Amino acid sequence: LSGQLTSRGWRPMAVTPDLADLQATIARMEARFDTDPRAASLMGSYRDLCARFETDLADPRDIAMSRAAALMMIKYQLEEN
């Protein structure tokens, strides 16, 4: 656990995952949702968005963060329904 001691007490420092960690997380989430029948239509939309991210964004980290955010929305939808 990394952090910083301030006048207000211990404050955790933000952790920025590297691109390889993001890609590994994306691959795990894609594999999980690809096998979940409840996510089938959402994953179709996700694939369309991924193509859009590749076209619209230049930085691989921005693409990965966008994909991860879209997958988190799918996770949220599945948990809510």
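Computed from heavy atoms alone, side chains included, the values below leave out hydrogens, waters and symmetry copies. On a predicted model such as this, the values are computed, not experimentally measured, just so you know.
- By the 6.0 Å contact criterion, CE on Met65 is open, its count of non-hydrogen atoms from other residues, nucleotides or ligands being 12 or less.
- Salt bridge status for Lys75 with Asp36: absent, with no side-chain N to carboxylate O gap under 4.0 Å.
- For Arg32, there are no side chain to side chain donor-acceptor pair (under 3.5 Å) partners, not counting sequence neighbours.
- Residues that satisfy the salt bridge (Lys or Arg N to Asp or Glu O under 4.0 Å) test with Asp21, not counting sequence neighbours, are absent from this structure.
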Contacts table for residues 67-74: side-chain donor-acceptor under 3.5 angstrom, sequence neighbours left out:
unit_1 : atom_1 : unit_2 : atom_2 : d
Arg67  : NE     : Tyr46  : OH     : 3.2
Arg67  : NH2    : Glu30  : OE2    : 2.5

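- Every side-chain contact (heavy atoms from CB on, under 4.5 Å) that Ala64 has, sequence neighbours left out, goes to Leu19, Leu22, Ile26.
- Take Glu80 and apply the side chain to side chain donor-acceptor pair (under 3.5 Å) test, not counting sequence neighbours, and it matches no residue.
- Think of Leu57 as one node in a network of Ile, Leu, Val, Met, Phe, Trp and Tyr side chains linked at under 4.5 Å; its network also takes in Leu49, Phe53, Ile63.
- Under the 4.5 Å side-chain criterion, counting only non-hydrogen atoms from C-beta, Arg38 is not in contact with Asn81.
- Applying the side chain to side chain donor-acceptor pair (under 3.5 Å) test to every pair with at least one member in residues 50-63, sequence neighbours left out, gives these pairs: Arg52-Asp56.
- Listed by chain and number, the residues in a side-chain contact (heavy atoms from CB on, under 4.5 Å) with Arg28 are Ala24, Thr25 (sequence neighbours excluded).
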